[in-house]
Protein chains: 2
Amino acid sequence: MSVGHTAVTTEPLVSCGGEHEDCGIREVLDRIGDKWSVLVVVELAQGVRRFRQLQRAVPGISQRMLTLTVRRLERDGLVRRTVYPTIPPQVEYELTSMGHSLTHLLKAMADWSAAHREAIAASRRTWDAANPGSGIR
Amino acid sequence: MSVGHTAVTTEPLVSCGGEHEDCGIREVLDRIGDKWSVLVVVELAQGVRRFRQLQRAVPGISQRMLTLTVRRLERDGLVRRTVYPTIPPQVEYELTSMGHSLTHLLKAMADWSAAHREAIAASRRTWDAANPGSGIR
DNA sequence: CAGGATCCGATCCGATACTG
DNA sequence: CAGTATCGGATCGGATCCTG
């Protein structure tokens, strides 16, 4: 029963394939849901980058995390790593075609975020005011 | 090392707004990038659910995590929680309109995952074979 | 420059016990 | 049924030091 509100109930059209429990959503999040991956991918969407260049472009990331992040992206086939045996060493990172396809998904996330950021922030303020000291965040 | 088509470079068209560092992507991931949120949302996309019903529908989730997950979703305005003061207590959870809009994004994630799952798995196998004992995963 | 190795605190999450 | 409270292990990520 609808509770007065709009409740258009426009047919889910969502979820996975019916009664199937999980789609591949968790797999995507396991891959890019960490703290830095999407930021690195977004920067690489601009073009080829070297290691230090990436680190400067992603404020706050440590060498350790940049290394780990870029290694995982390479392992998944989203990023191509090219080493030039020069002195000092030079390493270039760039998105693969699969990496580029991912940026379309990131664009969709950015759009959704922009569209609902205000509403979410407002909902949080309301909820926090109604539930003081709940410990939730 | 080029795999198939190399560098079509179809113009990023991606990223955020130019030189702007971060879009809202990280905000989205901070919200639904945790272990259980998307699974709960996907289940709620099917319709109204009670607490135990949700827990049974999402295999492996503990009461604690279900409570925390559903509370955060409620706080963000993605889920509406309705309490019926009966004995035993009855609580219903359902997606808000904003929650339903999120399912479209989840659909996009599921589609991308399905389209690239094989390629990613293959890339991992190749990488793991070429980098034994790297510790990366 | 581009990392590898190590230490360590913060956080996440599962298991368990208890409550109205 | 629908939670709350507490404990502890596992993982994540930051800081630092070292190397070719």
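The sequence lines fix the lettering, A, B, ..., with proteins before strands; numbering per chain opens at 1.
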Go through residues 72-79 of chain A and report each residue with a non-hydrogen atom lying under 4.0 Å from DNA chain C, sorted by number.
none
R64(B), nearest nucleotide to its side chain (from dA2(C), dG3(D), dT6(D)):
dT6(D)
Would you indicate which nucleotide in dG3(C), dT4(D), dA2(D) comes nearest to any side-chain atom of F51(A)?
dG3(C)
Using only side-chain N and O atoms of K35(B), determine if any of them is under 4.0 Å from OP1 or OP2 of dT11(D).
no
Once you round it to whole Å, what is the distance between P of dC12(C) and CE of M65(B)?
9 Å
Let me check something: do W127(A) and V83(B) share a hydrophobic cluster, defined by ILVMFWY side-chain heavy atoms less than 4.5 Å apart, either directly or through other members?
yes
note: D34(A), atom CG; dC12(C), atom C1'; distance rounded to Å ~ 15 Å
Ignoring hydrogens and geometry, is there a side-chain-to-backbone donor-acceptor pair from S101(B) to M98(B) under 3.5 Å?
yes
Tell me: CG of L39(B) to P of dC13(C), nearest whole Å?
11 Å
Is the phosphate of dG4(C), meaning OP1 or OP2, less than 4.0 Å from a side-chain N or O of R71(A)?
yes
R137(B) CZ to dA10(D) P, straight-line distance once rounded to whole Å
12 Å
Between L95(B) and T103(B) the two heavy atoms that sit nearest each other are CD1-CG2, 3.7 Å
Counting heavy atoms from C-beta on, name the nucleotide in dG14(D), dG3(D), dC13(C) closest to the side chain of S62(A).
dG14(D)
Which is more 5' along DNA chain D, the nucleotide nearest P89(A) or the one nearest G60(A)? Just name the residue.
G60(A)
Rounding to a whole Å, what distance do you find between R49(B):CZ and dA2(D):P?
13 Å
Nearest listed nucleotide, side chain of R50(B), among dA2(C), dG3(C), dA2(D):
dA2(D)
Whole angstrom value for the distance that separates P of dT4(D) from CG of N131(A):
10 Å
N/O (side chain, R52(A)) to phosphate O (OP1/OP2, dG3(C)) under 4.0 Å
no
Y93(A) side chain near dG3(C) phosphate (N/O to OP1/OP2, under 4.0 Å):
yes
When you look at D76(B) and R72(B), which way does the salt bridge (charged side-chain N to carboxylate O under 4.0 Å, His left out) test go after all the steps?
CA-CA 6 Å; D76(B) 290 343; R72(B) 283 193 284 244; over 6 Å; no
Is S123(A) reaching over with its side chain to a backbone N or O of A119(A), donor-acceptor style, under 3.5 angstrom?
no
Rounded to the nearest Å, what distance is computed from the CZ atom of residue R26(B) to the P atom of nucleotide dC12(D)?
14 Å
For L68(B) and Q63(B), take the nucleotide of DNA chain C holding the closest heavy atom to each; which residue's nucleotide lies nearer the 5' end?
L68(B)
Within this structure, what is the CD1-to-P distance between I87(B) and dT19(C), rounded to whole angstrom?
18 Å
Of E74(B), R80(B), R81(B), which is the lone residue that meets side chain to side chain donor-acceptor pair (under 3.5 Å) with Y93(B)?
R81(B)
Any donor-acceptor pair under 3.5 Å from T96(A) side chain to G77(A) backbone
yes
Is the closest basic N to carboxylate O distance between R26(B) and D30(B) below 4.0 Å?
yes
With the side chain of W36(A) defined as its heavy atoms from C-beta on, choose the nearest nucleotide among dC1(D), dG13(D), dC13(C).
dG13(D)
Contact class for R56(A) vs. all strands (heavy atom < 4.0 Å): base, sugar-phosphate, or nothing?
sugar-phosphate
